[in-house]
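Read through the structure below, which is laid out as structure tokens, and then see the notes.
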Amino acid sequence: MQENLPILEDLDTARLPHSECEGRSSVYLETYGCQMNVSDSEIVASVLRTAGFGLTHDPLQADVILINTCAIRENAEQRVRRRLEFFRARKRKHQPDLRIGVLGCMAERLRHKLLEQERLVDIVVGPDAYRDLPRLLRHVEKTGQSSVNVELSREETYADIAPVRYDSNGISAFVSIMRGCDNMCAFCVVPFTRGRERSRNAGTIVRECQDLFNAGYREVTLLGQNVNSYRDGPVDFATLVYRVSLLSSELRIRYSTSHPKDCSEALLEVHRERSNVCNFIHLPVQHGNSDVLGRMRRGYSSDEYRALIERARRICPGISLSTDIITGFCGETEAEHQDTLSLMADIEYDHAFMFMYSERPDTYAARKYDDDVPEHTKKRRLNEIIKLQNSISLKKNKEEVGFVRTVLVEGPSRRSETQFCGRTDTNKMVVFDRGSLQAGMYAQVRITGCTSATLFGDVVTL
Ligand code: SAH
Ligand code: SF4
Ligand code: F3S
């Protein structure tokens with residue numbers, strides 16, 4: 001690795017024929033996992049760029065490959081492993097100087113294995129150590145020895161680092177507002193991989209959102225594992241959302257993830273009062289049975305969750321809801337599984353992310369319970385909840401047909417150049433003819449049809 005490399009303008013420039021990287025060391029960054037990881041990769045890109053590293057979108061052009069990893073489920077880790085093996089084979093056959101690094105949530109737990117036992121990688125860096133990346137990369141380059149920093153911090157929020165939004169559509173951006181998680185849900189590895197909860201200074205968040213708006217962005221998603229426990233002195237999460245919403249009525253605000261146990265009435269009031277705070281909440285329930293929720297250590301019962309949904313719908317009529325569900329958790333009986341189906345049928349979520357339980361080492365569930373639901377039962381139950389949710393999503397989308405909705409135009413749709421896509425404030429994706437629209441504009445779209453995942457519509461000229 002050469003020191004003091006010229007700084008590339010941004011990662012997008014590397015999408016061109018990579019002339020900027022020719023003859024220079026360059027870093028390729030690949031991201032797995034949740035939105036927090038996407039946001040972290042933007043911080044990593046910024047740290048590297050500021051330190052003078054080149055960045056490329058093409059792994060074949062890279063001298064350093066960094067994989068930002070996820071450990072949430074076994075199959076997430078397996079995907080990353082396969083990718084690491086692929087790059088290691090490449091290194092052995094064609095590019096002995098290639099350096100391979102693991103960032104993020106797998107770093108903590110697997111560093112010994114990845115570095116020493118399997119010799120899969122040269123660099124391992126945990127989520128709180130990204131400022132140290134340039135030093136670690138140079139150390140590997142100079143000494144040929146592996147380097148590691150997986151220390152977790154109680155303070156690090158990267159508040160002063162301006163993310164490089166290298167994969168952004170220029171309209172919608174993630175803004176990280178807190179890190180870590182103290183909740184210790186029985187199934188979850190995140191508190192182990194990301195450490196203690198800490199909130200970022202509110203002033204820097206509001207400033208970042210203002211800068212994004214000035215740069216043409218029209219939507220921010222405030223990110224944390226449990227945004228409801230955000231606190232910076234007197235500023236709680238509801239106050240923070242309110243403050244960001246005052247920046248411009250043209251800037252939409254979303255957030256993720258909101259934990260049901262402390263989703264406040266004040267926050268729901270902010271949704272009602274501020275038209276640019278989107279009429280949508282992701283409120284992961286995980287399960288429909290209170291005993292299972294107790295075993296999961298989620299901190300609420302099924303009835304308390306249902307009461308929260310009622311409150312949200314009373315305060316914010318028409319609010320759209322999504323959720324996460326885990327099926328086949330330790331000891332889950334057929335009757336308990338039926339309670340998840342009943343809860344879904346009663347609540348009628350607009351959307352759901354559904355998973356089979358995957359035991360994670362060191363978690364409370366791994367230490368105390370047996371992972372005793374057979375794989376084929378987990379699969380069957382998962383298929384049942386997916387089938388139910390698809391029919392509910394389709395029904396909800398059909399109810400949209402005939403209405404005119406305000407859509408924030410994001411850009412070309414995946415299917416066709418002549419069509420654009422964008423989302424309603426209830427987070428539904430709409431596809432429509434491009435006409436004279438530009439990304440970043442708000443369009444009035446009459447919904448004419450749908451699938452369970454997408455709405456189709458015609459732009460209404462006012
Ligand atoms: N902080 C968020 C969740 C982040 S993880 C919250 O509390 O809601 C995203 C989702 O992955 C979780 O909501 C859960 O549904 C799922 N998940 C987490 N650990 C899991 C595990 N061990 N097996 C299967 N799914 C899991
Ligand atoms: Fe995991 Fe629970 Fe924290 Fe969410 S709130 S990240 S599920 S421990
Ligand atoms: Fe995965 Fe870490 Fe996010 S485990 S889901 S990348 S917080």
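Read the numbers this way: they start at 1 and go in the same order the structure lists the ligands and their atoms.
- Counting heavy-atom neighbours within 6.0 Å of Lys91 NZ, excluding the residue itself, gives a total above 12.
- Residue Arg243 places its CZ atom among 12 or fewer non-hydrogen atoms of other residues, nucleotides or ligands, all under 6.0 Å distant.
- With sequence neighbours left out, the ring pair (Phe, Tyr, Trp, His ring centres under 6.0 Å) criterion links Tyr255 to Phe237, His271.
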List ligand 1's nitrogen or oxygen atoms that come under 3.5 Å of a protein nitrogen or oxygen, with the partner atom and distance.
residue  : atom   : partner : partner atom : Å
ligand 1 : 1 (N)  : Gln225  : O            : 2.8
ligand 1 : 1 (N)  : Gln225  : OE1          : 2.9
ligand 1 : 7 (O)  : Arg298  : NH1          : 3.2
ligand 1 : 11 (O) : Arg73   : NH1          : 3.1
ligand 1 : 13 (O) : Gln286  : NE2          : 2.7
ligand 1 : 13 (O) : Asp324  : OD2          : 2.6
ligand 1 : 15 (O) : Gln286  : OE1          : 2.7
ligand 1 : 17 (N) : Arg73   : NH1          : 3.4
ligand 1 : 22 (N) : Phe187  : O            : 3.0
ligand 1 : 22 (N) : Ser358  : O            : 2.8
ligand 1 : 23 (N) : Ser358  : N            : 3.0
ligand 1 : 25 (N) : Arg73   : NH1          : 3.2

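- Side chains of Asn226 and Ser229: a donor on one and an acceptor on the other come within 3.5 Å.
- Using a 4.5 Å heavy-atom threshold, the side chains of Ile386 and Leu382 count as touching.
- Counting heavy atoms from C-beta outward, Asp425 and Thr406 have side chains that stay 4.5 Å or more apart.
- Ordered by chain and number, Cys105 SG make up the set of protein N, O or S atoms under 2.8 Å of atom 2 (Fe) of ligand 3.
- Side chains of Ser320 and Lys396 form no contact here, defined as non-hydrogen atoms less than 4.5 Å apart.
- The aromatic rings of Phe329 and Phe187 sit perpendicular to each other, their planes meeting at more than 60°, with 30° as the lower class boundary.
- At least one heavy atom of Gln225 sits less than 4.0 Å from an atom of ligand 3.
- Both cation-pi conditions hold for Arg297 and Tyr364: the charged atom is under 6.0 angstrom from the six-membered ring centre and inside a 45 degree cone around its axis.
- Within the 4.5 Å cutoff, the side chain of Val80 has heavy atoms near those of the Met106 side chain.
- You'll find the side chain of Arg194 stays beyond 4.5 Å of the side chain of Cys181, heavy atoms only.
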Can you check side-chain hydrogen bond (donor to acceptor under 3.5 Å, both in side chains) on Glu156 and Tyr158, steps first, answer last? CA-CA 6 Å; Glu156 181 62 271; Tyr158 301 113; 4.7 Å; no
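- Two residues are said to be in side-chain contact when any heavy atoms from C-beta on lie closer than 4.5 Å; Thr257 and Pro284 meet this criterion.
- The residues lining ligand 2, counting any heavy atom closer than 4.0 Å, are Cys181, Asn183, Met184, Cys185, Phe187, Cys188, Val190, Pro191, Gln225, His259, Arg298.
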